[in-house]
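Quantities reported herein were computed from a predicted structural model and do not represent experimental measurements.
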Amino acid sequence: MAKEKEKTGNVAGKTLAFFMPIAWKHFKGYFFCAAINIILRAVQPFVSIMMTPLILDELLGGRDIRKLLTYVAMIAVGGTFLSLLDSVTDIILGKYDEKMNNYFTEEMSLRIMELDFQLTEDKKALDQIEKARTGMDWYSGGVHGISLQVFQMIANIIKIAGVIVLILLHAPVLFAITALLLIINTVLNSRGNRIEIEAFNKLSKSNRIFGYLGWELVDFRYGKDIRLYDAQDMMVEKWNCYTDDALGNWKWQADQLLPLNSIKTVCNAIKDFCTYLYLGILVITGKITIGTFSQMLNAGSVFHSSMQGLIWNIQELVKRTNYAYEYVKFMSYPPAIIKGSHPVEDRPHTIEFKNVSFTYPNTDVKVLNGVNITLHPGEHLSVVGLNGAGKTTFIKLLCRLYDTTDGEILLDGINIKDYDYNEYMALFSPVFQDFNLLAFSVKDNIILDHTCEEKDLRTLIEQTGLKEKTDSLEKGTDTILFKFFDEAGIEPSGGEQQKIAIARALFKKAPIVILDEPTAALDPVAEYDIYRQFDTLVGKKTAIYISHRLSSCKFCDRIAVFSDGCVKEYGTHDELVNKPDGIYAEMFAAQARYYK
């Protein structure tokens with residue numbers, strides 16, 4: 001009930017309070033243009049309302065050509081001039097609409113990139129992102145779509161005030177007829193809005209999955225797998241499944257709205273019948289002229305449309321702000337992890353895992369259970385183990401992509417939750433197995449939005465083994481990767497992509513570097529060369545290497561063997577390889593057979 005009360009009572013105010021100050025700050029011209037548009041919309045109907053009865057009475061009465069021409073000229077020129085100005089302001093408002101949509105889309109994109117990583121794997125957060133995106137774009141019409149309802153409300157109020165005076169002077173019963181119909185339409189519209197909002201909430205999940213399948217089906221990066229594994233039918237079947245789900249929801253909405261729309265049509269017909277009958281009787285009894293009859297029909301139509309428009313604007317404002325409120329909720333989405341303010345000192349760091357356990361949100365399985373490891377400054381640690389042993393989760397916790405469920409991680413004796421989040425994150429240069437490169441230049445992928453002297457970039461290119469490749473390219477490091485936006489873009493090999501990712505990690509100059517199986521797709525010899533070269537480049541920095549293959553262990557001071565979420569063995573290569581019935585010794589022996 002509290003949630004429903006918030007939707008019907010406070011949402012419109014909260015949404016307007018969020019968007020309007022921002023829009024005023026960045027787009028003041030929008031509101032000045034809207035003010036002109038409001039005046040034009042309010043004045044336009046009165047040109048016809050006031051001039052038409054004069055023309056009719058002149059035709060039926062005095063038939064003065066000069067007066068007739070004057071009235072016709074006034075209605076033609078005045079109406080045309082006002083319509084022209086209205087069109088101009090509409091075009092200007094449309095341009096502002098594009099600017100505001102771009103602004104708020106950019107703000108949402110920035111917020112998504114700033115979300116705690118844990119939320120990017122959380123279903124509720126992902127659904128909220130989809131609601132925010134579709135609610136702000138498709139359903140609410142953005143800030144302009146919301147503001148337009150307010151502007152039209154003001155214009156309708158001005159028109160209503162004007163025509164009420166005319167109606168009460170000449171045909172007061174007409175006011176009662178129109179008001180009764182409006183009450184009925186208001187109730188029907190209110191019910192219809194609730195149905196549309198309910199349908200919107202049902203569609204959020206379907207839209208997200210529908211969009212995912214749509215992009216996957218047309219993304220050429222998946223072309224090889226789709227063809228070689230004959231996945232076309234499966235993907236189209238999934239597409240059709242969720243299409244049917246979405247269409248079913250639209251059908252439910254249409255079925256619910258059909259009776260309401262039918263009742264409104266009947267009511268409108270009754271209103272027209274009563275209006276013409278009443279005004280006809282007034283003409284026959286001599287209480288009004290034909291000109292006034294025409295004026296009352298026009299005024300009644302304007303009153304009805306303006307009142308209906310006003311009520312529709314109010315209901316539409318409530319509905320649209322409900323949709324846009326999903327954007328407001330997302331922009332203030334609560335963080336998933338605690339962020340402290342303790343500064344990170346510029347000195348060598350000791351990291352300690354103290355009885356750390358972790359369970360992913362909404363699951364019951366402990367991925368890590370009672371992990372204890374101390375990583376000293378400059379130490380190189382190799383983390384090994386079978387799939388599912390918890391190696392990558394260990395890195396995610398270290399990098400604060402997630403927080404521990406139990407236990408604590410200490411940096412120089414202080415819980416990492418107490419540190420300034422950005423300063424702590426700056427300590428790490430990771431290269432994950434599922435690293436991503438952008439469809440920008442080689443240089444942009446390495447330095448991102450930072451600056452770099454050309455000589456320093458060249459040195460880094462040489463150190464990571466990319467010199468031969470970049471020298472062969474016409475544009476060198478300015479060459480665009482992939483062909484998403486540039487037909488001249490290159491498709492780097494797997495090894496080249498990994499070298500670029502490693503160059504990016506080294507460019508950061510963080511004191512702790514991590515390789516989390518980024519070379520898994522390479523053959524053992526190539527992987528060994530990359531790890532050997534990387535270990536040389538890392539030098540005295542603290543480093544953590546993760547790999548299924550044990551070649552990386554040769555470069556490391558200590559080896560942590562993960563199994564079943566625990567550190568089952570910990571020591572040097574010589575200690576572990578000679579441990580009777582040891583996990584590491586068994587893994588090493590099994591892999592060594594293939595290289596003897």
Side-chain angles (χ1 to χ4, degrees), residues 351-360 363-376 378-399 404-407 409 430-434 494-495 498 512-536 538 542-596:
I351 299 172
E352 182 181 4
F353 278 63
K354 291 187 67 176
N355 200 33
V356 169
S357 297
F358 179 73
T359 301
Y360 280 101
T363 66
D364 298 323
V365 180
K366 277 192 174 182
V367 183
L368 293 181
N369 188 14
V371 173
N372 292 280
I373 288 181
T374 299
L375 190 61
H376 298 287
E379 185 176 1
H380 293 189
L381 173 69
S382 180
V383 178
V384 300
L386 300 177
N387 283 334
K391 304 186 299 298
T392 295
T393 301
F394 170 76
I395 297 301
K396 286 182 177 179
L397 294 178
L398 174 62
C399 294
T404 61
T405 304
D406 295 300
I409 304 172
V431 183
F432 293 102
Q433 180 177 352
D434 56 350
Q498 286 148 357
I512 303 170
V513 294
I514 300 167
L515 286 188
D516 183 6
E517 300 192 84
T519 56
L522 298 183
D523 63 78
V525 175
E527 181 185 54
Y528 174 82
D529 288 339
I530 286 180
Y531 272 93
R532 177 170 53 82
Q533 186 178 27
F534 188 75
D535 192 74
T536 301
V538 167
T542 304
I544 301 175
Y545 298 156
I546 298 179
S547 176
H548 278 79
R549 300 170 184 140
L550 304 185
S551 57
S552 63
C553 300
K554 185 176 180 180
F555 309 109
C556 296
D557 304 302
R558 292 287 186 274
I559 301 166
V561 182
F562 277 69
S563 180
D564 299 324
C566 303
V567 179
K568 291 296 180 69
E569 297 176 4
Y570 186 71
T572 66
H573 170 76
D574 290 338
E575 290 170 347
L576 298 183
V577 79
N578 293 310
K579 184 177 181 179
D581 299 322
I583 299 173
Y584 180 81
E586 183 179 348
M587 292 173 62
F588 188 85
Q591 291 189 16
R593 287 201 306 267
Y594 296 102
Y595 304 108
K596 291 181 180 179

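- Atoms CG and CZ, from L515 and F432 in turn, are 10.5 Å apart once rounded to the nearest 0.5 Å.
- Taking CD of Q498 as the reference point, atom CD of Q433 lies at 9.5 Å (rounded to 0.5 Å).
- Within a 6.0 Å sphere centred on NZ of K354, other residues, nucleotides and ligands contribute 12 heavy atoms or fewer.
- The ring pair (Phe, Tyr, Trp, His ring centres under 6.0 Å) test applied to H380 returns no partner, not counting sequence neighbours.
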Side chain to side chain contact (heavy atoms under 4.5 Å, CB included) evaluation trace for F358 with T405: CA-CA 5 Å; F358 179 73; T405 304; 3.5 Å; yes
Stepwise side chain to side chain contact (heavy atoms under 4.5 Å, CB included) test for I373 and V383: CA-CA 11 Å; I373 288 181; V383 178; 5.8 Å; no
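- Checking each of L375, N372, L398 against F353 for a side-chain contact (heavy atoms from CB on, under 4.5 Å) leaves exactly one that passes, namely L398.
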Worked check of side chain to side chain contact (heavy atoms under 4.5 Å, CB included) between F588 and L576: CA-CA 10 Å; F588 188 85; L576 298 183; over 6 Å; no
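- Under the side-chain contact (heavy atoms from CB on, under 4.5 Å) rule, F562 has a single partner from V384, L368, L386, which is L368.
- The minimum heavy-atom distance linking T393 with V367 is given by the pair OG1-CG1, 3.4 Å.
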Criterion side chain to side chain contact (heavy atoms under 4.5 Å, CB included) on L381 and C556, from CA distance to verdict: CA-CA 5 Å; L381 173 69; C556 296; 6.0 Å; no
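- A pairwise comparison of heavy atoms in M587 and G385 identifies CE-N, 4.1 Å as the closest pair.
- Residues T404 and L397 come closest through the heavy atom pair N-CD2, 4.0 Å.
- By the 4.5 Å heavy-atom criterion applied to side chains, N355 and D406 are not counted as neighbours.
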